[in-house]
Amino acid sequence: MTTLPKTYDFKNTEERIYKMWEEGGYFKPLNDPNEPEHDPTKKPYVLTIPPPNVTGKLHLGHAMFVSMEDLMIRYHRMLGIPTLWVPGSDHAGIATQLQVENALREEGTSREEIGREKFLERTWAWKEEYGSHITNQIRRLGASCDWSRERFTLDDDLQQAVREAFVRLYEEGLIYRGPRLINWSPGLKTAVSDLEVEYAEEQGKLYHFKYMIALDQTPEVSDAYIPVATTRPETILGDTAVAVHPDDERYNKYIGMKAIVPILDRQIPVVADDYVDLEFGTGALKITPGHDPNDYEIGQRHNLEIISVLDKHAKVNQHGGPYHGQDRFEARDNLWADMKAAGLVIKEEEYIHQVPRTQRGGEIVEPMVSTQWFVDIKPLAEKALQAVRNGRIKVVPERFKKIYYNWLENIRDWCISRQLWWGHRIPVWYCDDCDEQTVAREDPTECTHCGSKNIQQDPDVLDTWFSSGLWPFSTLGWPKDTPDLQYFYPTTMMETGYDILFFWVARMIMMSLEFTDDIPFSEVYLHGLIRDEHGRKMSKSYGNVIDPLEVMDELGTDALRFTLLVGSTPGNDMNLSLKKVEANRNFANKIWNATRFILGNLEGITAPKQDNPGWTLADSWIWARQRSLKTTVKRLFENYQYGEAGRQIYDFFWNEFADWYLEIAKLQLAEGGDRAFYTAQALVPLLDTCLRLLHPFTPFVTEELWQHLKEATLKSPLSSIAENWPEVLMVAPWPEPVDTEGWEDQAIADFTLVQNVVRAIRNLRAEKNVKPGTRLPATFAAGAATPIIESQAETIAALGKLDASRLSIQESLAAKPEDHIALVVGPVEVYLPLAGLVDVAKERARLKKDLAKAQSQIERLEKLLASPFTEKAPEHVVQAERDKLASFKETATKLEEQIANLS
RNA sequence: GGGCGCGUAGCUCAGCUGGUUAGAGCGCGUGGAUCACAACCACGAGGCCAGGGGUUCGAGUCCCUUCGCGCCCACCA
């Protein structure tokens, strides 16, 4: 009697198993460099987790990378390689700060009100309270990270790493500070990098108006003007030129003259610049160097004045004349109305254009001139390009290399300062007395230039991605030369979503090459994004968000993991539906029940009388199939085709092992004696291998079952099989492919014939509505297959519900039995006495249909074999086709006989 | 404006280096409480692999092209 419940109860399993693993120390790497017996020549497999936001909540993106990385780690661990997966979390500057600010707002206060120091205290408290949520949720997914090495981007060590990185770049002249046009987020009141700005097509307006030429310069025409169009009229307030194309005959007569800014009446030059597109819009351009990146560049070329007209709230400042104090959109309307009144408006038209919004806050980004810190990134980018170009870093799927190259080749300096409070404070101190900067690894007490104590640290913090860029080596101890860094660095694999290729992957490569003079990892695997079942983005407003925690609660972690792993192909998005997870929950249950069956049968097994297994055809077949599976899975794993590998194992387990072999094993076990023993002797390693192969995909159910299997095996006469098994499945050796021994193909071919005979019988029974309980006698004319059919008679009888005591098996029959329905399966004819059910007309039709199928195949194959195919294709391919032809011919002949016999 | 991906059964998707009669899950139809599993079993229906052209003995797979959908990058007022 088995003690296992009828269905897999993941709720009662997952936590217990995870605890067992963690307490057993199995998440820690073998060959730890901090231990005395460490062998530095053993190459480890190392993966660093993409750190989730410390106060974030688990979403499917996390579930995806945890599943995938855990698969990679568990696989390599089972290969016996020292394996390290470094976990941790990111302080996530803006995201976390916003959460705390929201909390403060609910309390009726704000960060400005409580001040920087109090605010940081609050945020740390928030981090302490919620920071463990995300890591606990990652544990629930089964992540086998080494939690003893967990890191947080604001840990002291990592702060030190950030300092070191900043100071080094500064010393090398690769960090500079200065006024530049940057993307300003008026809501967050901080600068953001180019990457943090998202463009979306939106309906807007294109405003056409007149740029009047100053009267004294065109005395002959009193109303000379250049027509100009803009989508942002409020920027008119900051215009410092009007640009026309030098070859534009309409306007080039005005070049060098002055135009008058509407309402403000400032005079600005008309300049010539071939950036202006003659064909587009009015063919003339207003130039606002203070609020537009293109205009900024044109401004540089023509030495134009830069006027900022907006403050940090995006309200019009003192340069905006009558609009001072108005919000940018309010000013837009008011200015336009005033211009209309002044007769300067030509028209406004509906216009769809790209609107920049911040990734976080969502409001429209304002290009503004602001003094910020920048990284001179080109020198770093050059090395990062090299590392991928020369193959030191491998990218999977390869097509992302092109995207990576394109981005790095056109990269622009990286604005790294943020006007936030939560993050790594910029390690620069300004001297009130001599105005010099002190940049230091340790907090200075005085100015290094004049010794003054009147120094103030820069109030800004660094872009979150600055510290994330150091992650693979900062987590291992850099800048200290720790044993971990020496042994585990460079890491092996970086697995993440393709959406952060630029944000993160490229920056890690750049910073690693710069600071460690080495690559951060040798492989990059990019997975796709997860969408809903119809391919739509998951979003709260659609209401189509799937919460992985709920899925795990309802269907189990293994089901979710298997779905994510098997449903995706590298780099491609996947559509997730709960139906799929349900199907995989069923699969977990299938594994459960198959094991349950085997365990139940181990109990009655007794030691064999004879030392000779005498393997059955089914035994040989399933062995051969599993050997082939191991080879296939290995190949697929080596090619990063994890999903396909999972599908192969699934198919083998369900369709071959459970549906066919276990059904036959029942018969063999029922025979008792040695047959039962040897069947069990096959079942245990077969199941063991399946559980091992499945373990990286579905760790919980496989570990749980394997523990039971191990226990039951050790208690049985088969204990020697399990003698050397380790304590837990997660460190059990991976089933490596073995060389074929020559017998496999024949076993597979023979068993396939048995399957086809059984299927044909079942099919006919179903078609003729034979009652499920009815045991039919049968006559076989098996030709060359007679030995197989004879030896497999009992199996065929059991699976096809034939009466085993009334079977007649012969090579050929002198006369066809009457009132029988005949089935033709390759060389085998099966006669079933369905006298009452024989409808001659229907029978003829059925046989003719089969014959037609066979004949069309014969025709196809004869044509094929008469073509150059025979000479050009490899011999085994040709032979396979010849064999097929022979088999179809045999079938056709038999079918013809049957048809003739009917009448 | 550049670049990339996708288009295979009613739905969601596999199909790796080109080599049987193209697969799975769900859905659909028929039958089934058989002692692992009804979260199951057996049987079945359902596909000019988006269209066209090419390379090849052989193309869902490689190349070109058209159409449709999606995404990324880019400074067009």
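A, B, ... follow the sequence lines: proteins, then strands. Residue 1 opens every chain. Predicted, not measured: the structure shown is a model, and the values here were computed from it.
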Hey, what are the protein-to-nucleotides 57-64 of chain B N/O distances that come in under 3.5 Å?
from, atom 1, to, atom 2, distance (Å)
C57(B), OP1, K872(A), NZ, 2.7

Could you tabulate the donor-acceptor pairs under 3.5 Å formed by side-chain atoms of residues 649-657 of chain A, not counting sequence neighbours?
from, atom 1, to, atom 2, distance (Å)
E656(A), OE1, R625(A), NE, 3.2
E656(A), OE1, R625(A), NH2, 3.1
E656(A), OE2, R625(A), NE, 2.9

Residues which pass side chain to side chain contact (heavy atoms under 4.5 Å, CB included) with T7(A), listed by chain and number, not counting sequence neighbours: N589(A)
Listed partners of R399(A) passing side chain to side chain contact (heavy atoms under 4.5 Å, CB included), at least two apart: P397(A), N572(A)
Matching residue for F697(A) among F587(A), F562(A), Y642(A) - test: ring-ring contact (aromatic ring centres under 6.0 Å, His included): F562(A)
Measure the distance from [atom1] on [X] to [atom2] on [N] and round it to the nearest whole Å.
{"X": "D659(A)", "N": "A36(B)", "atom1": "CG", "atom2": "P", "value": "14 Å"}
{"X": "Q755(A)", "N": "C43(B)", "atom1": "CD", "atom2": "P", "value": "10 Å"}
{"X": "K580(A)", "N": "C11(B)", "atom1": "NZ", "atom2": "C1'", "value": "10 Å"}
{"X": "N183(A)", "N": "A74(B)", "atom1": "CG", "atom2": "P", "value": "11 Å"}

Atom pairs, N/O to N/O, protein against nucleotides 44-50 of chain B, distance under 3.5 Å?
from, atom 1, to, atom 2, distance (Å)
G44(B), OP1, N763(A), ND2, 3.2

Residues that D745(A) engages under salt bridge (Lys or Arg N to Asp or Glu O under 4.0 Å), provided they are two or more places apart: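 If we apply the salt bridge (Lys or Arg N to Asp or Glu O under 4.0 Å) test to D745(A), skipping adjacent residues, there are no hits.
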All salt bridge (Lys or Arg N to Asp or Glu O under 4.0 Å) counterparts of D194(A), not counting sequence neighbours: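 Salt bridge (Lys or Arg N to Asp or Glu O under 4.0 Å) check on D194(A) returns R412(A).
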On the side chain of [X], is there an atom forming a donor-acceptor pair with the base of [N] - under 3.5 Å, no angle test?
{"X": "R647(A)", "N": "A24(B)", "value": "no"}
{"X": "Q648(A)", "N": "A24(B)", "value": "no"}
{"X": "Y275(A)", "N": "C75(B)", "value": "yes"}

Ionic contact status for D292(A) with R232(A), cut-off 4.0 Å: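 So R232(A) pairs with D292(A) through a salt bridge.
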Side chain to side chain donor-acceptor pair (under 3.5 Å) involving W414(A) - partner list, sequence neighbours excluded: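 So W414(A) forms a side chain to side chain donor-acceptor pair (under 3.5 Å) with D463(A).
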Residue list, side chain to side chain donor-acceptor pair (under 3.5 Å) with K590(A), at least two apart or on another chain: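 If we apply the side chain to side chain donor-acceptor pair (under 3.5 Å) test to K590(A), skipping adjacent residues, there are no hits.
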Close approaches to RNA chain B from residues 883-891 of chain A, in residue order (heavy atom, under 4.0 Å):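 Residues of residues 883-891 of chain A under 4.0 Å from RNA chain B: K884(A), F888(A).
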Residues from residues 397-411 of chain A lying under 4.0 Å of RNA chain B - heavy atoms: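 Result for residues 397-411 of chain A: R399(A), K402(A), N406(A), sorted by number.
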Nucleotides 28-35 of chain B: protein proximity per nucleotide (B base, S sugar-phosphate only, - neither; heavy atom, under 4.0 Å): ----S-B-
Y351(A) side-chain N/O to A77(B) phosphate OP1/OP2 under 4.0 Å: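 Y351(A) to A77(B) OP1/OP2: side-chain N or O found under 4.0 Å.
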Short side-chain N/O contact from W592(A) to OP1 or OP2 of C40(B), under 4.0 Å: no
Chi class for U34(B): syn within 90° of 0, otherwise anti: syn
NZ (K853(A)) with more than 12 external heavy atoms under 6.0 Å: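 Counting other residues, nucleotides and ligands, NZ of K853(A) stays at 12 neighbours or fewer.
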Polar side-chain atom of D573(A) near backbone of G528(A) as donor-acceptor pair, under 3.5 Å: no
Given RNA chain B, 5'-ward residue of the pair F10(A) and L662(A), judged by closest heavy atom: L662(A)
